[in-house]
J.: 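Quick one: the structure is below, and I'll ask about it shortly.
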Amino acid sequence: MKEVLQFLSKIVDWLRAVCAFFACVYGVLWFFYFFKSPFYTAISVFFNPVADYVRTIINHQFTFDGQKYDATYMVTAVIFIGLFWCATKVYKYLQLKIEDAVFAENLRRARSDIRTNVKISKEFREHISKINHYVICLNLNLKYGVEENLLGGERADLTTLKNKNYQDILENMGDIQNTKVQIHEDKILIIGTNYTGFERVFNLFLDITSVISQENHEKDILTEIFFVIDGIEEGNIDKEKMAFLKKVLSFGYKNKAVASIAFAKRYEQEKNTSFVLSTMGKIRFFEGGLEHSYNDFELFTIKRKRKKEY
């Protein structure tokens, strides 16, 4: 319907231009005729057929200074002005109808988008409700301190020390109820099966990594901590989920707790929480360095809530 109205509107707009053109032409012809301009004879031959037809319908003459003049050109110009006025009215009417058609189309599209968004929102809530597990993926990066670099001498083996740090985490967190701790490649995975106990697990995790960092510092070893928290439906980590965790770790958010949107939305459902999540915005990860191949996902930082001061 909108396309038909737009087509008719273009035709009427074209007719308006034609009427305006001929109204001006016959007005100029009458001017040349009245003042006996030499251009009258050369120009009138092209436009007399229409004027002659009008003369058969309306033969109007007037007298000026004792001499009679033919008013056909002026009458023809007035007719085209009238046609221009009518075409303008039709054009405005069609424009209003086009606006109504566009509004109706946008309204239908908006209603369709609302239904789609409601469906997506429902599916998202259903997906979040299935996320009953969480995983903390940790990677430690150890570096020699300044004194080790300057003084030289026998230096601690970083790989051995890192393995010892991982064993300390396993020993201290391995017996926590509803929690499974394991080493995957060169990373620690802490899988929790109960969001109610997440804060106790996470606080213990922060305390242990803080102690490890301090003990390494006393040995003049710098400890860089990288970890990400994600929400999962089951207690097992598949290849796709592990690839995602590795991607986030590769961004290099050092000593910062980073969480996925799945964990953030599920954690928000818990009551009386002691941590707050803040969005870091959309993160774009390019696959294989190709600009046309990428994934976008939202990440959050997780921090302890500030205690209210009274």
Side-chain angles (χ1 to χ4, degrees), residues 1-125 279 281-284 286 290-298:
M1 184 63 180
K2 183 184 69 173
E3 289 75 14
V4 175
L5 291 172
Q6 289 175 338
F7 176 73
L8 293 175
S9 177
K10 290 180 180 179
I11 294 177
V12 174
D13 193 32
W14 179 81
L15 290 176
R16 288 171 67 232
V18 172
C19 291
F21 170 76
F22 281 109
C24 293
V25 168
Y26 283 103
V28 172
L29 274 176
W30 183 86
F31 179 82
F32 288 162
Y33 164 76
F34 184 78
F35 290 100
K36 299 179 174 58
S37 171
F39 296 103
Y40 168 70
T41 304
I43 299 176
S44 61
V45 66
F46 299 103
F47 302 99
N48 275 339
V50 176
D52 292 340
Y53 178 77
V54 173
R55 191 179 289 110
T56 60
I57 301 173
I58 304 173
N59 189 5
H60 183 70
Q61 295 181 344
F62 68 95
T63 302
F64 179 77
D65 197 18
Q67 187 174 357
K68 287 186 177 183
Y69 291 91
D70 187 2
T72 302
Y73 291 132
M74 182 56 68
V75 172
T76 305
V78 171
I79 290 174
F80 277 109
I81 291 174
L83 291 174
F84 175 81
W85 181 83
C86 293
T88 300
K89 290 292 184 181
V90 175
Y91 178 78
K92 290 182 178 180
Y93 172 79
L94 291 174
Q95 289 299 310
L96 290 175
K97 288 298 182 180
I98 291 173
E99 291 179 2
D100 292 342
V102 171
F103 176 79
E105 182 179 344
N106 291 338
L107 184 60
R108 288 193 298 270
R109 186 180 294 111
R111 288 174 176 171
S112 176
D113 291 342
I114 290 173
R115 288 192 294 268
T116 302
N117 291 336
V118 169
K119 182 180 178 181
I120 293 174
S121 178
K122 181 180 179 181
E123 292 175 352
F124 182 75
R125 288 195 301 270
T279 182
K282 293 288 183 67
I283 309 298
R284 176 162 291 183
F286 292 95
L290 300 177
E291 293 186 1
H292 63 276
S293 179
Y294 58 83
N295 289 316
D296 289 341
F297 44 85
E298 188 174 8

J.: Roughly how far, to the nearest 0.5 Å, is CG of L96 from OH of Y91?
T.: 11.0 Å
J.: On a heavy-atom basis, which atom in V12 and which in V90 lie closest, and how many Å separate them?
T.: CG2-CG1, 4.0 Å
J.: If you round to the nearest 0.5 Å, how far is NZ of K89 from CH2 of W85?
T.: 5.0 Å
J.: Is any side-chain N of the basic residue among K10 and D13 closer than 4.0 Å to the acidic one's carboxylate O?
T.: no
J.: Under the salt bridge (Lys or Arg N to Asp or Glu O under 4.0 Å) definition, can you give me all pairs with a residue in residues 19-30, not counting sequence neighbours?
T.: none
J.: Give the minimum heavy-atom separation between T88 and R16, together with the two atoms involved.
T.: OG1-NE, 3.1 Å
J.: What are the two closest non-hydrogen atoms of A77 and A23, and how far apart are they?
T.: CB-O, 3.6 Å
J.: Determine, step by step, whether E99 and F103 satisfy the side chain to side chain contact (heavy atoms under 4.5 Å, CB included) criterion, reporting the C-alpha distance in whole Å, the side-chain angles of both residues, the deciding distance to 0.1 Å, and the verdict.
T.: CA-CA 6 Å; E99 291 179 2; F103 176 79; over 6 Å; no
J.: Output every pair passing salt bridge (Lys or Arg N to Asp or Glu O under 4.0 Å) with a member in residues 101-114, not counting sequence neighbours, ordered by first then second residue.
T.: K2-E105, E105-R109
J.: As an exercise, state the distance from CG of D100 to CD of Q95, rounded to the nearest 0.5 Å.
T.: 11.5 Å
J.: Using only atom types and a distance under 3.5 Å, with no angle test, would you say the side chain of S9 pairs donor to acceptor with the backbone of L5?
T.: no
J.: Please report the interatomic distance CZ(F22) to CG(L29), rounded to the nearest 0.5 Å.
T.: 11.0 Å
J.: At their closest point, which heavy atom of E298 faces which heavy atom of T279, and how far apart are they?
T.: OE2-OG1, 2.6 Å
